[in-house]
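Here the structure comes first, spelled out in structure tokens, and everything after it is commentary.
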Protein chains: 2
Amino acid sequence: MMTAVFSADPATGCRPGAFGNATHLICRACGAHSPLGPFYACMECFGPLEVGYAFPTITHAEIEAGPKSIWRYAPLLPVPADISTFRSTDPGFTRLVDARQLADDIGLRQLWVKDDTGNPTHSFKDRVVAVALSAARELGLQVLACPSTGNLANAVAAAAARAGIKSVVLVPENLEKQKILASAVYDTTLIAVHGSYDDVNKLASEIAAEEEGWAFVNVNVRPYYAEGSKTLAFEIAEQLGWRLPDQVVIPVASGSQLTKIDKGFAELIKLGLVEEKPYKIYGAQATGCSPVAHAYREGWDIVQPVKPNTIAKSLAIGNPADGPYVLDVVRRTGGAIADIDDDTVVANIQRLARTEGIFAETAGGVTVGVTAKLVADGLLDPDQETVLINSGDGLKTLDAVADRVGPKTTIPPRYEAFTEFWKARG
Amino acid sequence: MMTAVFSADPATGCRPGAFGNATHLICRACGAHSPLGPFYACMECFGPLEVGYAFPTITHAEIEAGPKSIWRYAPLLPVPADISTFRSTDPGFTRLVDARQLADDIGLRQLWVKDDTGNPTHSFKDRVVAVALSAARELGLQVLACPSTGNLANAVAAAAARAGIKSVVLVPENLEKQKILASAVYDTTLIAVHGSYDDVNKLASEIAAEEEGWAFVNVNVRPYYAEGSKTLAFEIAEQLGWRLPDQVVIPVASGSQLTKIDKGFAELIKLGLVEEKPYKIYGAQATGCSPVAHAYREGWDIVQPVKPNTIAKSLAIGNPADGPYVLDVVRRTGGAIADIDDDTVVANIQRLARTEGIFAETAGGVTVGVTAKLVADGLLDPDQETVLINSGDGLKTLDAVADRVGPKTTIPPRYEAFTEFWKARG
């Protein structure tokens with residue numbers, strides 16, 4: 001029933017403007033250009049690709065007149081100008097919380113928490129999946145898919161349901177029942193795989209290579225997908241009144257989010273949407289999976305893979321694709337990368353909840369705890385304005401706090417029993 | 001350390017403007033006026049009190065220039081004009097989702113889902129608690145408290161943590177561990193009580209009557225608390241471009257949310273912020289706790305209490321305080337109240353997830369399922385523009401879907417195993 005009323009762009013085979021102001025893909029290793037398309041590895045050197053643009057003039061007023069979602073930044077993303085007319089989960093526009101009590105607790109002058117638990121499936125993954133979904137649609141791919149252990153699976157299944165297209169989510173068989181339910185409820189084709197997450201990943205890459213018409217969001221449409229993380233940078237700047245913070249602390253799994261926040265800041269400067277100023281980018285990892293922090297400390301340019309062993313499962317990527325680029329960004333901006341152990345992760349989930357009323361998943365505990373550690377170690381300036389990213393929701397990793405918090409007492413339903421307890425605690 | 005720099009209002013003992021444009025409390029039974037204060041029952045007849053106002057002229061532009069939270073409607077709430085300078089969870093401003101696929105599935109021309117899962121603790125309770133917190137502060141009360149079985153406990157504990165004040169949450173001892181964790185993480189004083197929810201409620205009322213300085217949000221500051229639900233009405237109207245929908249379907253627990261959405265619409269009309277037009281208000285209950293639906297069908301003016309037995313625990317109030325007022329509103333506007341059984345509730349959680357990518361708690365399943373039933377029964381006009389309220393998040397009631405959804409298959413990590421499954425399912 002779809003009648004094309006346009007001449008396809010000869011380079012991509014897509015309708016004109018399918019990718020907005022994006023014009024090509026660039027190899028991050030050798031700099032070679034590729035046309036826009038379902039490509040993710042450089043044809044010259046097999047390096048990873050990212051999206052390049054020819055931006056027109058863009059004004060604050062144009063952005064502010066846009067929708068209350070990431071689509072207000074459509075001119076800065078590889079999406080068509082009419083993106084908000086398509087059915088997506090319309091993520092973004094989440095709170096930037098003035099975290100004064102947490103700042104006092106850590107010893108910072110001014111701290112903001114960018115709280116991405118407000119997204120439709122309660123993690124930052126809704127941002128990247130929404131952009132990947134647009135690319136899949138414009139490229140004529142019919143199945144939205146991913147290998148995942150949690151947040152990404154939720155986001156893909158929800159976005160595909162909303163868009164009315166098929167989705168396939170591959171997960172390790174032994175995944176927690178909670179995470180299975182919170183994906184399966186969207187009626188996705190959830191496939192459990194005997195094996196580790198690495199096995200699942202490998203299988204996904206094989207399917208992506210063999211099957212026609214599939215968009216594995218974090219594999220064959222990854223260059224578009226990754227651009228979604230720039231919207232964190234755009235929102236932070238807009239919410240600060242169109243200016244950049246001094247320091248940003250970002251959790252590192254594949255490292256994509258960190259490098260794209262840096263790219264987002266750079267684009268805002270280039271477009272004159274914020275004043276140019278120095279900013280420092282910091283990375284946060286859990287000690288049980290800290291290959292990038294390790295490489296940073298050792299002064300290496302490459303990242304040595306590790307076998308993850310941490311409760312921060314959403315950050316447990318032992319061989320992070322963007323690891324070397326994270327090292328580049330952090331060193332270029334004068335930041336640092338640090339890690340904390342699992343006990344400290346849990347203590348910092350509690351710290352954020354107690355001081356700001358925000359319940360983060362384990363990744364948020366990592367980011368808060370690393371921020372405190374960086375201050376204690378003199379690597380983060382307590383007098384500079386700092387933003388930290390809370391990328392996901394505590395309701396998805398309840399087990400992390402199960403042994404730490406609970407009722408202060410259990411009493412019979414009588415007023416005297418209550419007063420006895422209340423007086424005793426002083 | 002607090003130094004009063006103002007003369008207290010002689011009627012309330014509070015600073016001038018502590019309650020914004022609110023001027024008094026009105027008995028909903030006999031109409032008698034009381035001064036603003038920590039009162040919740042009429043001194044003449046013991047009837048429930050609600051907040052009365054003397055509104056100035058308020059414009060769309062003033063509201064639209066306000067914060068991106070419920071505080072943009074501060075002039076319409078019993079809160080001070082400087083409310084957004086205080087630490088709260090700043091709830092509201094949640095998505096109004098154009099639910100075309102769900103509309104098609106149910107057979108409606110135009111359906112919107114007001115999706116309150118985007119609130120800080122992922123339910124509409126953040127709205128009412130934020131207003132209650134303001135009242136508690138202005139009245140000089142030092143402890144924020146509630147009896148609860150889930151969403152309210154999460155919202156109170158988070159809001160108190162953010163505000164830096166004490167909180168006490170009373171819950172039945174046998175509450176699901178998930179709900180206990182998601183409150184206890186905020187370091188609230190969580191007290192487990194041997195007994196049913198009714199026992200807990202009774203104990204809370206005793207404490208509220210005996211202890212000085214406590215704000216039980218849903219007991220002694222209830223008139224202020226309840227006003228928070230009006231912001232659902234304000235947001236719906238603003239998001240529709242400052243106009244009212246034809247029909248709204250609202251879950252009914254105590255009934256407060258339904259009556260306050262009606263009050264919110266009436267205030268917008270009175271202030272000229274929307275054009276006056278007829279609208280119909282519908283109520284949704286689970287059959288296992290449907291005293292208001294039963295009273296509606298029987299033509300009664302009062303509600304006969306029941307003993308709840310439903311998976312929709314957030315709606316399981318057997319003796320709903322606002323029951324008679326719900327009947328008034330529904331009959332006055334030409335709506336209806338219906339109920340569906342627990343199996344249908346779960347099927348409709350899945351229906352909303354499958355069609356719109358929104359994962360609702362059991363209450364959302366009730367509201368979607370009742371909407372479909374009202375259409376099927378000819379009580380809701382399929383050609384009229386309809387809004388339904390999704391009041392809470394599926395992550396908090398995962399057990400409801402645990403037996404219904406899961407992996408479609410389990411395979412070894414080999415491409416051939418995948419293709420075999422994929423081809424077989426056609």
Side-chain angles (χ1 to χ4, degrees), chain A residues 68 87 89-90 95 100-101 118 120-122 158-162 164 173 177-178 180-182 184-187 189-195 199-200 202-203 206-207 210 349-350 353-359 393-396 398 401-402 405-415 418 421, chain B residues 68 87 89-90 95 100-101 118 120-122 158-162 164 173 177-178 180-182 184-187 189-195 199-200 202-203 206-207 210 349-350 353-359 393-396 398 401-402 405-415 418 421:
Chain A
K68 290 172 179 61
R87 285 171 58 90
T89 60
D90 301 323
R95 303 184 297 167
R100 200 194 66 223
Q101 288 180 167
T121 71
H122 309 318
R162 171 92 182 133
E173 182 199 18
K177 177 135 194 178
Q178 292 170 11
I180 288 187
L181 295 175
V185 72
Y186 299 107
D187 203 26
T189 299
L190 182 79
I191 300 180
V193 179
H194 292 298
D199 295 325
V200 178
K202 192 163 158 290
L203 176 59
E206 279 183 73
I207 300 171
E210 295 292 335
I349 291 174
Q350 294 181 257
R354 185 181 66 238
T355 55
E356 298 299 334
I358 298 172
F359 185 18
D393 204 286
L395 286 174
K396 296 195 198 178
L398 279 174
V401 298
V405 304
K408 309 275 189 198
T409 186
T410 302
I411 60 170
R414 289 182 294 102
Y415 178 62
F418 161 76
F421 160 74
Chain B
K68 291 172 178 61
R87 287 172 57 90
T89 61
D90 300 324
R95 303 185 297 167
R100 200 194 66 221
Q101 288 180 167
T121 72
H122 308 319
R162 171 91 182 133
E173 182 198 17
K177 179 135 191 177
Q178 293 168 10
I180 287 185
L181 295 176
V185 73
Y186 299 108
D187 203 27
T189 299
L190 182 80
I191 301 179
V193 179
H194 292 298
D199 295 325
V200 178
K202 190 161 160 293
L203 175 60
E206 278 183 75
I207 300 171
E210 295 292 335
I349 291 174
Q350 294 181 257
R354 185 179 66 239
T355 54
E356 298 299 335
I358 297 171
F359 186 20
D393 204 284
L395 287 174
K396 296 195 199 178
L398 280 173
V401 297
V405 303
K408 308 274 189 198
T409 185
T410 301
I411 61 170
R414 288 183 293 102
Y415 179 63
F418 162 76
F421 160 74

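Numbered from 1 within each chain, the chains take letters A, B, ... in sequence-line order.
Looking only at heavy-atom pairs under 4.5 Å with chain B, the residue among A/A160, A/A402, A/G357 that has the most is A/G357. Here B/E206 is the residue among B/E206, B/K202, B/E173 with the most heavy-atom pairs under 4.5 Å with chain A. In terms of heavy-atom pairs under 4.5 Å with chain A, the best-connected choice from B/H122, B/R100, B/Q178, B/R95 is B/H122. For chain A, the option among B/T89, B/T121, B/D90 with the highest count of heavy-atom pairs below 4.5 Å is B/T89. Ranked by heavy-atom pairs shorter than 4.5 Å toward chain A, the options B/L395, B/V401, B/D199, B/I207 are led by B/I207. The candidate with the highest count of non-hydrogen atom pairs below 4.5 Å against chain B, out of A/V185, A/T409, A/I180, is A/V185. Comparing A/A353, A/A182, A/A158 by heavy-atom pairs within less than 4.5 Å of chain B, the highest count is held by A/A353. If you tally non-hydrogen atom pairs under 4.5 Å between each of B/Q101, B/R414, B/K408 and chain A, the highest count goes to B/Q101. In terms of non-hydrogen atom pairs under 4.5 Å with chain A, the most contact-rich of B/A192, B/G195, B/G394, B/G164 is B/A192.
Proximity of B/T410 to A/H194: side-chain heavy atoms (C-beta onward) are separated by under 4.5 Å at one or more points. When side chains are defined from C-beta on, B/Y415 counts as touching A/E210, because their heavy atoms get closer than 4.5 Å. B/V405 has its side chain within reach of B/Q350: a pair of non-hydrogen atoms, C-beta onward, lies under 4.5 Å apart.
When all heavy atoms are compared, the tightest approach of B/G406 to A/L190 is C-CD2, 3.9 Å.
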Report the C-alpha separation of B/Y186 and A/T355 in whole Å, then their side-chain angles, then the decisive distance to 0.1 Å, and conclude whether the side-chain contact (heavy atoms from CB on, under 4.5 Å) test is met.
CA-CA 8 Å; B/Y186 299 108; A/T355 55; over 6 Å; no
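Only the side chain of A/L203 comes within contact range of chain B, with at least one heavy atom under 4.5 Å from a heavy atom of that chain. Only the side chain of A/F418 has a heavy atom closer than 4.5 Å to any heavy atom of chain B.
Put simply, the side chain of A/R87 gets close to the backbone of A/R162: a donor and an acceptor are under 3.5 Å apart.
Atoms CG and CZ, on A/L398 and A/F359 in that order, are 5.0 Å from each other to the nearest 0.5 Å.
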